[in-house]
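In this chain, numbering begins with 1 at the start of the sequence shown.
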Amino acid sequence: MSTRLAYSISTFFFFLLTTSKSLATQGNPNSLVLGLSRTTASLPTPKSSIRRPSEDSDIMEPLREVRDGYLISLTLGTPPQVIQVYMDTGSDLNWVPCGNLSFDCMDCDDYRNNKLMAAYSPSHSTSSFRDVCSSSFCIDIHSSDNSFDPCTVSGCSLSILLKGTCTRPCPSFAYTYGAGGIVIGTLTRDTLRVHGTNPSVTRDIPKFSFGCVGSTYREPIGIAGFGKGPLSLPSQLGLLRKGFSHCFLPFKFANNPNISSPLLIGDVAISSRDNMQFTPMLKNPMYPNYYYIGLEAITVGTNNISATQVPLTLREFDSQGNGGMLIDSGTTYTHLPEPFYTQFLSKLDSLITYPRASEVEARSGFDLCYKVPCPNNTFMDDDHNQFPSVTFHFLNNVSVVLPQGNDFYAMSAPTNSTAVKCLLFQSMDDGNYGPAGVFGSFQQQNMEVVYDLENERIGFQTKDCASAADSQGLHKY
């Protein structure tokens with residue numbers, strides 16, 4: 001299993017030469033191991049603690065949906081530069097593309113379009129500076145390098161090293177994600193501007209640390225890491241001991257610039273949650289920076305007889321840290337281990353009477369697709385009655401019924417009064433290595449999810465996220 005890895009730039013090029021061929025030719029770019037930040041799946045085809053007063057510290061930032069994730073805007077520098085990046089609970093590093101002309105992304109399907117997105121320019125900010133080798137952030141990002149101190153790698157003399165006064169720049173890094181994505185850059189600091197719960201109120205965070213990335217492999221857009229490590233965004237804001245919450249818009253709003261949903265950070269995210277169901281965060285001593293929950297069962301339909309028991313690996317860890325269910329905003333679809341995944345499919349299929357769309361299954365890579373009637377080529381108002389409900393049962397008697405549209409999704413518009421809908425779940429490629437399963441962002445749509453870090457628990461509550469966005473002025477007509 002591989003968590004995220006940080007390499008010094010000298011060791012990285014040897015790594016790239018010896019592994020780039022296998023990365024480029026692997027059969028399934030969505031293979032999930034611990035540290036996966038974001039699948040590049042798209043529809044219809046998947047590519048198989050400083051405490052501050054609440055009014056001063058609470059933050060609300062809008063999240064906008066794109067085809068394979070949710071974007072948050074980072075406002076960096078003096079004068080401000082606004083860069084849109086993925087919000088990712090499955091990693092720690094914050095990074096942005098650096099240089100509109102010089103930024104290069106290898107093996108990026110939509111790179112031509114994404115290149116039109118803004119990139120950060122350190123030379124255009126009077127408050128930007130390169131982080132030094134002795135900073136705690138530099139030490140953390142190079143913690144997987146080798147036994148050498150970053151200041152040793154940067155060439156400081158022995159006398160300066162012994163005094164601990166080296167001010168040479170932090171060596172360049174390479175940060176690797178479990179699905180094969182790689183980013184190469186320098187650790188940079190600049191002012192980050194965040195918004196309060198009143199959007200007209202802003203606050204500047206000086207010396208915010210992030211990666212200024214010039215080249216990547218399979219990662220065309222930057223990432224805001226929301227993991228529990230010191231490099232993450234909530235950690236640097238001093239809010240890691242409080243929490244955050246999000247409400248993901250459904251897929252039909254993908255790429256719509258006129259609507260976004262709130263991302264709340266601080267006390268406002270975890271207060272007044274009486275109607276929310278909370279399941280405990282599982283502690284993984286081997287990989288403490290990730291968010292795990294325990295899955296006890298999945299119910300298909302309303303008959304208790306159809307409750308499917310899940311393996312212990314989805315709520316326990318072995319001595320190497322393998323197991324548990326990762327909850328990850330950067331992974332699009334929920335993944336389940338075998339043979340439980342096949343049992344889940346069999347249970348669903350036995351309760352669905354529509355004909356299978358085998359040709360779409362073969363073409364798309366999804367495992368259950370059905371031809372569903374659509375009179376007058378219009379989706380019916382009672383679409384939620386077309387398929388049996390799916391309920392996730394987490395530890396602490398938490399039962400989460402997936403909202404309408406969070407399981408089956410139409411692959412295209414109806415034709416000949418018929419549409420094909422596919423189950424947007426996938427199998428873990430290696431359930432014995434890394435997390436046993438992943439609760440992905442597609443299944444979290446129209447659901448308020450609260451990361452109560454102070455009480456080490458995660459809450460769920462079904463919610464119309466578009467209406468919530470409208471009520472908070474995040475919908476532009």
Side-chain angles (χ1 to χ4, degrees), residues 28 30 32 41 43-46 48 250-251 294-315 325 332-375 379-395 397-412 414 416-429 431 436-440 442-447 460 462:
N28 184 359
N30 278 348
L32 295 181
L43 289 174
T45 304
S48 292
F251 260 37
L295 183 65
E296 290 189 303
I298 293 180
T299 299
V300 179
T302 58
N303 191 331
N304 289 332
I305 298 176
S306 63
T308 304
Q309 295 299 316
V310 305
L312 287 174
T313 54
L314 279 166
R315 53 189 181 273
M325 190 167 204
T332 309
Y333 310 123
T334 290
H335 288 62
L336 298 173
E338 293 288 5
F340 173 63
Y341 175 69
T342 298
Q343 295 169 354
F344 171 63
L345 296 184
S346 178
K347 182 66 66 176
L348 268 172
D349 190 43
S350 68
L351 297 175
I352 298 173
T353 58
Y354 300 119
R356 293 277 289 270
S358 302
E359 69 283 359
V360 178
E361 293 174 355
R363 184 174 68 249
S364 70
F366 290 116
D367 295 299
L368 284 185
C369 297
Y370 297 93
K371 298 175 182 178
V372 180
C374 290
F379 290 115
M380 294 182 291
D381 293 334
D382 61 345
D383 283 348
H384 59 287
N385 294 324
Q386 292 180 327
F387 298 99
S389 61
V390 176
T391 304
F392 280 74
H393 302 277
F394 297 112
L395 294 172
N397 295 318
V398 170
S399 295
V400 177
V401 182
L402 294 186
Q404 175 186 346
N406 284 22
D407 40 20
F408 286 88
Y409 193 84
M411 295 293 99
S412 61
N416 298 323
S417 297
T418 301
V420 173
K421 291 189 175 184
C422 294
L423 178 72
L424 301 195
F425 281 66
Q426 291 183 321
S427 171
M428 286 295 292
D429 292 316
V438 181
F439 193 50
F442 185 83
Q443 278 66 46
Q444 297 176 49
Q445 298 173 118
N446 274 337
M447 190 184 298
F460 300 95
T462 301

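The distance from atom CG of L348 to atom OH of Y370, rounded to the nearest 0.5 Å, is 6.5 Å. Interatomic distance, Q443 CD to Q445 CD, rounded to the nearest 0.5 Å: 7.5 Å. Here L424 contributes atom CG and T334 contributes atom OG1; the two are 9.5 Å apart, rounded to the nearest 0.5 Å. If you take CE on M325 and CG on L295, they are separated by 5.0 Å, rounding to the nearest 0.5 Å. Rounding to the nearest 0.5 Å gives a distance of 11.5 Å between CZ of F442 and CD of Q426. With rounding to the nearest 0.5 angstrom, the OG1 atom of T462 is 5.5 Å from the CE atom of M447.
The minimum heavy-atom distance between C374 and P414, with the atom names listed, is CB-CB, 3.9 Å. In this structure, P337 and A436 approach most closely via the heavy-atom pair CD-O, 3.3 Å. Contact record, Y409 with G405: CD1-O, 4.4 Å, taken as the closest heavy-atom pair. Across every non-hydrogen atom of L314 and V310, the tightest pair is CD1-CB, 3.9 Å. Among all heavy-atom pairs drawn from K371 and V420, the shortest one is CG-CG2, 4.4 Å.
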Next item on the list: With side chain to side chain contact (heavy atoms under 4.5 Å, CB included) as the test, would you mind laying out the steps for L423 and F366 before giving the verdict?
Entry: CA-CA 7 Å; L423 178 72; F366 290 116; over 6 Å; no
Next item on the list: Walk me through it: do F425 and Y333 pass the test side chain to side chain contact (heavy atoms under 4.5 Å, CB included)?
Entry: CA-CA 6 Å; F425 281 66; Y333 310 123; 6.0 Å; no
Next item on the list: With side chain to side chain contact (heavy atoms under 4.5 Å, CB included) as the test, would you mind laying out the steps for K421 and Q386 before giving the verdict?
Entry: CA-CA 10 Å; K421 291 189 175 184; Q386 292 180 327; 3.1 Å; yes
Margin query: I'd like to know whether V390 forms a side chain to side chain contact (heavy atoms under 4.5 Å, CB included) with I298, so could you lay out the CA-CA distance, the side-chain angles of the two residues, the decisive distance to 0.1 Å, and finally the verdict.
Written below: CA-CA 7 Å; V390 176; I298 293 180; 3.9 Å; yes
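With sequence neighbours left out, the ring pair (Phe, Tyr, Trp, His ring centres under 6.0 Å) criterion links Y341 to no other residue. Partners of F340 by ring pair (Phe, Tyr, Trp, His ring centres under 6.0 Å), not counting sequence neighbours: none found. Partners of S399 by side-chain hydrogen bond (donor to acceptor under 3.5 Å, both in side chains), not counting sequence neighbours, listed by chain and number: H393. Remark: N446 pairs with no residue by the side-chain hydrogen bond (donor to acceptor under 3.5 Å, both in side chains) rule, at least two apart or across chains. Listed by chain and number, the residues in a side-chain hydrogen bond (donor to acceptor under 3.5 Å, both in side chains) with T342 are E338 (sequence neighbours excluded). Considering only residues two or more places apart in sequence or on other chains, E296 meets the side-chain hydrogen bond (donor to acceptor under 3.5 Å, both in side chains) condition with none of them.
Looking at T391 and L402, their side chains never come closer than 4.5 Å, going by heavy atoms from C-beta outward. Contact of the M411 side chain with the V360 side chain is registered, since non-hydrogen atoms from C-beta on lie closer than 4.5 Å.
In this pair, F387 and F408 present their aromatic rings parallel. The plane angle is below 30°, not in the 30 to 60° band.
Taking the ring centroids of F460 and F392, they lie at or beyond the 6.0 Å cut-off.
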